[in-house]
Amino acid sequence: MSTTTKVYANVLAMQSADRMSVERLRRIIEAKSTAEAFKMLGDFGYAYSDLNSTDRFIVAETNALIDFIDDNCAGERFRNALTARFRYNNAKLAYKSRFIEVPSDGYYRTALDCGKIVAGDYADVSRYMLAAFEKLDEAEERRPQAIDLELTRAMYREVLACGVPVAVKYFRAEIDMKNILSAARMRRLASDGDEFIDGGKIDRERLAESVHAEGFADCFDGTPYYDYAAGIEEAEFRELWKAERDADDFLYYMTARDVANVSSYEPFLNYYTQSLIELKTVKTALVCIKTDSRDAFYARIPKIYG
């Protein structure tokens, strides 16, 4: 892990961006097999192995992203905010592994000692993660979904405390859209469970109202997310994966507004967002090839590739 300047970090990020173009995506989805697609990805500069599987590929590329952030991100607090989702992924798997079988190859390469978490030793975790573990232990929680939610809430408390304004704005927007999606999911299932995450700009009262309101999107009028909520409502709360895709696009374009300002954090944050979208898109392509459902891929492609 090194310390560098914003300008240098941003230049490296911009040089590393745009590995995946529309044309390259087209070539991948038209591959005759996943083996051929993996070979193409190797030619494009991605991780390649004759033993590649989709999950192994995604983990390897995610590890490469983590390494890039650790080695090049300017500012320790900003770095920790960007890598939090990967540490908390590992924390969720480690905690749940006490009660259920979890995929052993689902862990990312982070400094978090998951063996200690499995053993109930929380000495090295952040205070936010510690508080979540202690709450889960006290409740003797065993439900995977409840464990995921508690640790997700802890993750956002941690990243919002980073003190970097652009990162705080980014993660608050991410929280808001996750909460709108949760409200839509509860509306579809006629559920009143508490699935919301604190830290966004939309208060819980408005979110709770939207679950039962006659006009779902109207509850978010005056916010940056009205069109996002309207798209969910227009689709009659079906195929919520589209809302997840649209949330990614929203964050990408939000971080692209000041991407030319190399003395700020925005270019690096935009690269981070683009990389996450890129991995999801490639994973979708590989799954569509494997299941011979290539036509479905074009319906799922993010707007940044449209």
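Between the side chains of Arg87 and Thr83, a donor-acceptor pair is found at a separation under 3.5 Å. Side-chain contact annotation: Tyr228 with Asp249, donor-acceptor N/O pair under 3.5 Å absent. The closest side-chain donor-acceptor pair between Glu134 and Tyr122, if any, does not fall under 3.5 angstrom.
Ile100 is listed as a side-chain neighbour of Pro144, based on a closest heavy-atom distance under 4.5 Å. The shortest distance between side-chain heavy atoms of Ile175 and Leu160 falls below 4.5 Å. Between Asp194 and Arg204, the closest side-chain pair of non-hydrogen atoms falls below 4.5 Å. Taking the side chain as every heavy atom from C-beta outward, Lys280 and Arg245 never approach each other to under 4.5 Å. Residues Tyr156 and Glu174 meet the side-chain proximity criterion, which asks for heavy atoms closer than 4.5 Å. Side-chain contact check for Asp218 versus Glu233: every heavy-atom pair is 4.5 Å or farther apart. In this structure, the side chains of Asn179 and Ile202 stay at 4.5 Å or more apart for every pair of heavy atoms. Within the 4.5 Å cutoff, the side chain of Arg206 has heavy atoms near those of the Thr223 side chain.
Annotation for Ile28 and Ala285: closest pair CG2-CB, 4.3 Å, computed over non-hydrogen atoms. The minimum heavy-atom distance linking Phe78 with Cys73 is given by the pair CD2-SG, 3.3 Å. The nearest pair of heavy atoms linking Tyr305 to Met20 is CE2-O, 3.3 Å. Of all non-hydrogen atoms in Tyr265 and Gly75, the two that sit nearest each other are OH-CA, 4.4 Å. In this structure, Leu251 and Ala173 approach most closely via the heavy-atom pair CD2-CB, 4.0 Å. Scanning all heavy atoms of the two residues, the minimum distance from Arg26 to Tyr298 falls at CG-OH, 4.1 Å.
By the criterion of side-chain heavy atoms lying less than 4.5 angstrom apart, applied directly or through intervening Ile, Leu, Val, Met, Phe, Trp or Tyr residues, Val287 is not grouped with Leu279; the two fall into different hydrophobic clusters. No path of Ile, Leu, Val, Met, Phe, Trp and Tyr side chains, each step under 4.5 Å between heavy atoms, connects Ile69 with Val11, placing them in separate hydrophobic clusters. The hydrophobic cluster containing Ile304 does not contain Trp241, counting ILVMFWY residues as joined when their side-chain heavy atoms lie under 4.5 angstrom apart, directly or transitively. Residues Val118 and Leu93 fall into different hydrophobic clusters, defined by Ile, Leu, Val, Met, Phe, Trp and Tyr side chains chained together at heavy-atom separations under 4.5 Å. Both Leu130 and Met155 belong to a single network of hydrophobic side chains, linked directly or stepwise wherever heavy atoms of I, L, V, M, F, W or Y lie under 4.5 Å apart.
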List the steps, then state whether salt bridge (charged side-chain N to carboxylate O under 4.0 Å, His left out) holds for Asp176 with Lys178.
CA-CA 5 Å; Asp176 282 335; Lys178 283 183 180 294; over 6 Å; no
Does Glu76 form a salt bridge (charged side-chain N to carboxylate O under 4.0 Å, His left out) with Arg79? I'd like the steps, not just the answer.
CA-CA 5 Å; Glu76 183 177 356; Arg79 177 191 298 120; 5.4 Å; no
side-chain contact (heavy atoms from CB on, under 4.5 Å) assessment of Arg294 paired with Glu30:
CA-CA 8 Å; Arg294 290 168 175 79; Glu30 291 177 359; 5.8 Å; no
Full working for side-chain contact (heavy atoms from CB on, under 4.5 Å) between Gln274 and Thr255
CA-CA 10 Å; Gln274 180 180 351; Thr255 58; over 6 Å; no
Please lay out, stage by stage, how Glu36 and Ile289 fare under the test side-chain contact (heavy atoms from CB on, under 4.5 Å).
CA-CA 10 Å; Glu36 182 177 307; Ile289 294 168; over 6 Å; no
How far apart are the C-alpha atoms of Leu276 and Leu65, what are their side-chain angles, what is the distance that settles it, and do they pass the side-chain contact (heavy atoms from CB on, under 4.5 Å) test?
CA-CA 9 Å; Leu276 294 176; Leu65 174 61; 4.0 Å; yes
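Taken to the nearest 0.5 Å, the CD atom of Glu195 stands 5.0 Å off from the CE atom of Met186. To the nearest 0.5 Å, the span separating CZ on Arg172 from CD1 on Ile197 amounts to 14.0 Å. With rounding to the nearest 0.5 Å, the separation of NZ in Lys92 from CG in Asp148 is 5.0 Å. Leu269 CG to Thr273 OG1: the interatomic distance, rounded to the nearest 0.5 Å, is 4.5 Å. Rounding to the nearest 0.5 Å places CD of Glu278 at 8.0 Å from OH of Tyr271. In this structure, CG in Leu286 is found 9.5 Å from CZ in Phe297, a value given to the nearest 0.5 Å.
Arg257 pairs by the side chain to side chain donor-acceptor pair (under 3.5 Å) definition with nothing, not counting sequence neighbours.
Checked by atom type and distance alone, the side chain of Asn270 never pairs as donor or acceptor with a backbone atom of Glu266 at under 3.5 Å. Between the side chain of Arg187 and the backbone N or O of Ala213, at least one donor-acceptor pair lies under 3.5 Å. In this structure, the side chain of Asp55 does not engage the main chain of Gly106 through any donor-acceptor pair within 3.5 Å. Formation of a donor-acceptor pair under 3.5 Å by the Arg24 side chain with backbone atoms of Arg19 is found in this model.
Taking a 6.0 Å sphere around CG of Asp105, one finds it holds more than 12 heavy atoms contributed by other residues, nucleotides or ligands. At most 12 heavy atoms of other shown residues, nucleotides or ligands fall within 6.0 angstrom of atom CD in Gln145. Around the CZ atom of Arg143, the shell of radius 6.0 Å holds no more than 12 heavy atoms that belong to other residues, nucleotides or ligands.
A salt bridge links Asp67 and Arg109; the closest N-O separation between the charged side-chain nitrogens and carboxylate oxygens is under 4.0 Å. Salt-bridge formation is not detected for the pair Glu140/Arg142: no Lys NZ or Arg NE/NH1/NH2 atom is positioned less than 4.0 Å from an Asp or Glu carboxylate oxygen. Between Lys169 and Asp258, none of the side-chain N atoms (NZ, or NE/NH1/NH2) sits under 4.0 Å from a carboxylate O, so this pair counts as no salt bridge. The pair Asp246-Lys242 does not count as a salt bridge, with every side-chain nitrogen at least 4.0 angstrom from each carboxylate oxygen.
Classification of the Tyr95-Phe133 ring pair by plane angle, with boundaries at 30° and 60°, yields parallel. In this pair, Phe268 and Phe68 present their aromatic rings parallel. The plane angle is below 30°, not in the 30 to 60° band.
Note on residues 163-219: pairs passing ring-ring contact (aromatic ring centres under 6.0 Å, His included), not counting sequence neighbours, are Phe216-Phe220, Phe216-Phe237.
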